[in-house]
Amino acid sequence: MMLRLRKKDVCIKKTEGAYVSLKAVRKLFNRKVTAVDDLTMEVKRGEFFSLLGPSGCGKTTILRLIAGLEVPDRGTIAIGDDVVAGNVWVQPEKRRVGIVFQDYALFPHMTVFENIAFGLKGCTKQRLQEKVIEMLNLVGLDNMAQRYPHELSGGQQQRVALARALAPSPKVMLLDEPFSNLDADLRMELRTETKRILKEKGTTTILVTHDQEEAFSLSDRVGVLNHGRLEQVGPPEEIYHRPAGRFVASFVGRTDFLNGRISGNSLISDIGIFKFNGNVVLENGEVDLMIRPDDVDFNVDPHGNAEIVDAQFLGADVIYKLCLSDGTTIHSIKPSTNISVVGSRVKIYINPAHIIVFSKDS
Ligand code: ADP
Ligand code: MG
């Protein structure tokens, strides 16, 4: 394996508490596809961290770089106190990193027991037996040790993959969209269970997913990725309610943008005039208001400023499409306990605390 040593990479400064850190990491494929672009990120010890982004934005490549399955073109990666890529190279098997892939990647010719035992090198036969049984208990598959992967459901295979990755007691667990092949009920159940197991063991975890609900429900912090770059890192609530830019605003949840104008301390728009307390520094001028459907409420009112033009029943909620007098549309999500009919005129109410303003040219 070729390694270019660079003087600059020798020293890596870490923030207190950072356990996995990437500094200015870049990875190109075939010298032209930039999969990871000058990426700097830190994950704390014991943290459940998610990388959220669309398909092709570099999620899998980042995990493979941390695991040592890819060599970065530049930058430094450290795990614990050790630099593992940069001016040195630590082999994947020495990094104490566990990885679970989307397709589970179990060995088809091995039983569940043998799959889990695979990574347990250098321990006595009795210790190995105990460890595999402990793992089987942990993931709730005690009576399936002798089955082969094809004799298991998708959910059970995923549990085996998790048990196999956990058996050698990794310091860091990398999860590459491990729940995406499961149906909704099982997905929910396994998410919760996986998080419980990893938190119980204090394992630092990095999950990558394109599913915002998954990232939000599991993570202490989320990093939003776009074209191999981090757009924003923060707790789920912050990412959702205070997106740092248009990409995050649109990728994370449903969003409407409306025209507005700042005049002194006021934000003037078709849905009302609000006091502008400034999430960005803007001179007087044209802006876009970002509003999420859960911050939009309405009452049926014959003198209202909008009309319901569509209503989609989602089960617990209904999402309404409201058309303002100038033709702009905005969405509102409301509990389905009380359904309003398409064609009704309505008066819109907005939660002003959640309005985010972007300058037109941002
Ligand atoms: P994600 O997991 O977010 O879908 P990937 O990390 O798999 O994204 O891919 C990021 C980019 O790198 C994509 O454009 C992909 O086509 C490209 N890529 C990934 N692996 C390879 C490879 N081995 N050879 C060439 N291009 C690759
Ligand atoms: Mg991927």
Side-chain angles (χ1 to χ4, degrees), residues 1-45 47-103 105 119 165 168 170-178 203-210 215 219 221-234 247:
M1 204 165 281
M2 251 239 327
L3 275 178
R4 250 167 293 148
L5 298 190
R6 294 151 34 92
K7 191 124 199 157
K8 207 169 131 199
D9 291 335
V10 174
C11 165
I12 179 166
K13 274 212 195 90
K14 285 193 308 166
T15 315
E16 196 61 33
Y19 194 70
V20 178
S21 60
L22 284 78
K23 199 163 178 237
V25 169
R26 175 177 292 166
K27 179 70 189 173
L28 268 78
F29 287 109
N30 309 323
R31 299 213 180 128
K32 52 178 197 290
V33 181
T34 309
V36 179
D37 194 5
D38 199 27
L39 181 81
T40 294
M41 63 176 246
E42 286 181 339
V43 180
K44 298 180 194 124
R45 186 189 292 273
E47 188 174 28
F48 200 115
F49 186 91
S50 291
L51 283 169
L52 173 67
S55 171
C57 72
K59 302 183 294 295
T60 296
T61 306
I62 295 169
L63 293 194
R64 290 175 58 83
L65 284 161
I66 297 169
L69 305 172
E70 300 284 355
V71 185
D73 294 303
R74 52 161 299 179
T76 316
I77 301 173
I79 299 175
D81 293 326
D82 306 314
V83 174
V84 294
N87 58 324
V88 290
W89 178 254
V90 175
Q91 293 296 335
E93 61 275 14
K94 297 262 163 63
R95 294 191 184 189
R96 301 203 61 190
V97 164
I99 186 160
V100 178
F101 299 99
Q102 182 170 359
D103 58 3
K171 297 275 187 219
V172 178
M173 181 62 94
L174 306 175
L175 304 172
D176 192 350
E177 314 218 19
T203 314
T204 305
T205 304
I206 306 175
L207 167 85
V208 307
T209 180
H210 63 274
S219 315
R221 285 187 309 148
V222 175
V224 182
L225 267 182
N226 183 22
H227 292 303
R229 284 174 167 273
L230 268 180
E231 296 266 342
Q232 187 174 3
V233 179
F247 175 80

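For clarity, every value in this text was computed on a predicted model and none was experimentally measured.
Within the model, atoms CG of Leu207 and CE of Met173 stand 11.5 Å from one another, a figure rounded to the nearest 0.5 Å. The distance from atom CG of Leu22 to atom CD1 of Ile62, rounded to the nearest 0.5 Å, is 7.5 Å. To the nearest 0.5 angstrom, Glu177 atom CD is 11.0 Å from Leu51 atom CG. Taking CG of Asp82 as the start and CD1 of Ile77 as the end, the distance is 13.5 Å to the nearest 0.5 Å. Residue Leu225 holds its CG atom at 8.0 Å from CE of Met41, rounded to the nearest 0.5 Å. In this structure, CD in Gln232 is found 11.0 Å from CG in Leu52, a value given to the nearest 0.5 Å.
The nearest pair of heavy atoms linking Val90 to Arg95 is O-NE, 2.8 Å. Summarising the geometry of Glu231 relative to Phe247, their closest heavy-atom pair is CG-CD2, 3.8 Å, with the distance given to 0.1 Å. Looking at every heavy atom in both residues, Gly223 comes nearest to Phe49 through N-CZ, 3.9 Å. The heavy-atom pair separating Trp89 from Pro72 by the smallest distance is CZ3-CD, 4.2 Å. Between Pro168 and Gly119, the closest heavy-atom pair is CG-O, 3.9 Å.
Contact check for Val208 versus Leu175: no side-chain heavy atoms found under the 4.5 Å cut-off. Taking 4.5 Å as the limit, every side-chain heavy atom of Ile79 sits out of range of all side-chain heavy atoms of Arg96. Using a 4.5 Å heavy-atom threshold, the side chains of Phe101 and Leu63 count as separate.
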Name every donor-acceptor pair, under 3.5 Å, that has one atom in a side chain of residues 24-39 and the other anywhere in the protein, sequence neighbours excluded.
from, atom 1, to, atom 2, distance (Å)
Lys27, NZ, Val71, O, 2.8
Asp37, OD2, Arg229, NE, 3.1

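Annotation: side chain to side chain donor-acceptor pair (under 3.5 Å) contacts involving residues 48-70, sequence neighbours excluded, comprise Ser50-Ser219, Thr60-Asp176, Arg64-Glu70.
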